[in-house]
Amino acid sequence: MNGGIKIGRLFGIEVDVHPSWFIILLVFVWSLATTLFPQTYHWSTTVTWTVAVVAALLLFASVIVHELGHSLVARRQGIAVKNITLFVLGGVSSIEKEASSPRREALLAGSGPLVSLVIGVLALLLAYVPGEPQTVHAVLAYVGFMNVLLAVFNLLPGFPLDGGRVLRAVLWARSGDFERATRGAARAGYVLGYALIVLGILTAISRNVLAGVWAGFTGWILVQAAQASYAQVVAQQRLAGVTAGSIATPAHVWIPPMVTLEAAANDYFLANNARCLPVEGADDTFDGIVCLSDLQHTPRSQWSHDRVADVMTPRDRVAALTSEAPAAEALRLMAERNINQVAIVDGDRLTGFVDRATALRHLRLHSLVGRRQA
Ligand SMILES: [Zn+2]
């Protein structure tokens, strides 16, 4: 996930928070302090808000521990883990590749919910130690209940939830066909996602608007994630061994940064039938990339005086891969950022572009020729 803010490192794994997470933290603190706690306890405002902040932070800390469960099992299996990111819907571990056998996949997927379940049961037991202060009981009971809920939700059998991955491992063990197993588990993900949407609508109409919207939104995200994850697995399988560099179109035409948009459109984009062009930097390096869409976002009246340098995407914000990166990674990056091309950059030099149409053509070609087993 992009745009994360690094908050620390655990067992050598970077932990990030996405800006969207702060919103959800506020929602949790606010709902605890204004609804849940005041309904049960009679604390002062300061105590209520303090306990709410502590409870919400502990809940999110246990989400990190859930992800750490996945990450440490992955590492034991020899799979690299890039980072753990907290975002609006919970946590996600960036795990480099898929597990190598059904048994390993089941272990990897099951480890997170198991960690949540253990935290949940322990916290609930500790919540009922006699003579405990009411505030401590409230925090432990809340964190315990939420962790059990987290374990149960994540074990729902829809890919790409943990339970869906366990389902995929079972289907994979049975058929020996990874792609077919992923398709089956992704279908279960759609069914589960649509069921959550329907449930969300019914809840919103009949009982609780906020809970309903939340369930519906989660269902919708699950449907999207099932689609994207399945497409990604298919691409990875079919494009196994194909590098991004090998399907890239070399960059022949470069555009100087001081050219006006008018001249860029006529002399560069139209003349070369190009959609995106690299912008020349000093010493054969590149300054950034300019695309036709950047021009289209600028009012026509400014084309005669605005320059390429004013509208280009600067080099440090360009979506780029090295030529040795897997071709499937280019497709993933384009889908994730909703863009149509990825730059191929080795060191300081831009050598070419992979665009969506070319990548998809290769994907179809490899599907016709037959799948390469990874
Ligand atoms: Zn998990």
Side-chain angles (χ1 to χ4, degrees), residues 66-67 69-82 89-117 151-196 218-242 326-332 335-336 359-360 362-374:
H66 170 114
E67 293 306 324
H70 290 302
S71 296
L72 293 181
V73 171
R75 216 155 63 176
R76 271 191 76 89
Q77 295 183 2
I79 302 171
V81 180
K82 280 184 258 175
L89 287 176
V92 60
S93 309
S94 300
I95 291 174
E96 194 194 29
K97 58 180 180 188
E98 308 283 352
S100 57
S101 73
R103 215 183 75 89
R104 288 177 157 215
E105 164 90 341
L107 269 174
L108 182 54
S111 54
L114 185 66
V115 167
S116 297
L117 197 63
V152 171
F153 176 75
N154 276 290
L155 280 175
L156 291 176
F159 188 77
L161 292 178
D162 295 333
R165 291 178 184 276
V166 173
L167 173 64
R168 173 169 74 171
V170 172
L171 296 175
W172 183 12
R174 220 191 271 165
S175 68
D177 185 335
F178 181 70
E179 201 178 303
R180 212 174 101 190
T182 307
R183 191 165 56 229
R187 278 197 188 129
Y190 305 145
V191 172
L192 191 65
Y194 285 120
L196 273 171
T218 308
W220 181 70
I221 295 283
L222 185 60
V223 170
Q224 305 285 317
Q227 264 159 1
S229 307
Y230 176 58
Q232 176 62 14
V233 165
V234 169
Q236 258 164 11
Q237 289 267 298
R238 297 190 180 168
L239 291 174
V242 179
E329 184 64 14
L331 274 169
R332 192 193 62 77
E336 186 184 290
L360 289 175
H362 278 273
L363 185 59
R364 274 196 298 275
L365 215 63
H366 283 271
S367 312
L368 285 174
V369 174
R371 190 170 78 240
R372 301 189 189 187
Q373 268 306 333

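Position 1 is the first residue of the sequence; numbering continues from there.
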>> Does any part of the side chain of S71, heavy atoms only, come nearer than 4.5 Å to the side chain of K82, both counted from C-beta?
In response: no

>> For S111 versus G69, what's the shortest heavy-atom pair and its separation?
In response: OG-O, 3.5 Å

> Y230 and A186: which non-hydrogen atoms are nearest, and at how many Å?
Replying inline: CB-CB, 3.9 Å

> Could you give all pairs that pass the ring-ring contact (aromatic ring centres under 6.0 Å, His included) test and reach residues 95-115, with sequence neighbours left out?
Replying inline: none

>> Test of understanding: with side chain to side chain contact (heavy atoms under 4.5 Å, CB included), list the residues that count as partners of V115, not counting sequence neighbours.
In response: V65, I119

> Which pairs count as salt bridge (charged side-chain N to carboxylate O under 4.0 Å, His left out) when at least one residue sits in residues 181-194, sequence neighbours excluded?
Replying inline: none

>> Among residues at least two apart in sequence or on other chains, which ones pass side chain to side chain contact (heavy atoms under 4.5 Å, CB included) with L192?
In response: L156, L161, L222

>> So which atom in A185 and which in L171 form the shortest heavy-atom distance, rounded to 0.1 Å?
In response: N-CD1, 3.9 Å

>> For a quick test of reading the model, state the closest non-hydrogen atom pair linking R165 to P160 and the distance between them.
In response: NE-O, 3.4 Å

> Of all heavy-atom pairs between S116 and H66, which one has the smallest distance, and what is that distance?
Replying inline: OG-ND1, 2.8 Å

>> Show the nearest heavy-atom pair for residues P157 and A188, with the distance to one decimal.
In response: O-CB, 3.2 Å

> Excluding sequence neighbours, so at least two apart, what forms side chain to side chain contact (heavy atoms under 4.5 Å, CB included) with Q77?
Replying inline: V73, I79, A99, R104, L107, L108

>> Applying side-chain contact (heavy atoms from CB on, under 4.5 Å) to F159 and L167, what does each step give before you reach the verdict?
In response: CA-CA 8 Å; F159 188 77; L167 173 64; over 6 Å; no

>> As an exercise, state the distance from NE2 of H70 to CZ of R75, rounded to the nearest 0.5 Å.
In response: 15.0 Å

> In Å and rounded to the nearest 0.5 Å, what is the CD to OH distance from Q224 to Y190?
Replying inline: 10.0 Å

>> Can you confirm whether more than 12 heavy atoms, excluding those of Y194, are under 6.0 Å from its OH atom?
In response: no

>> Restricting to side chain to side chain contact (heavy atoms under 4.5 Å, CB included), what partner residues turn up for V166, sequence neighbours left out?
In response: A109

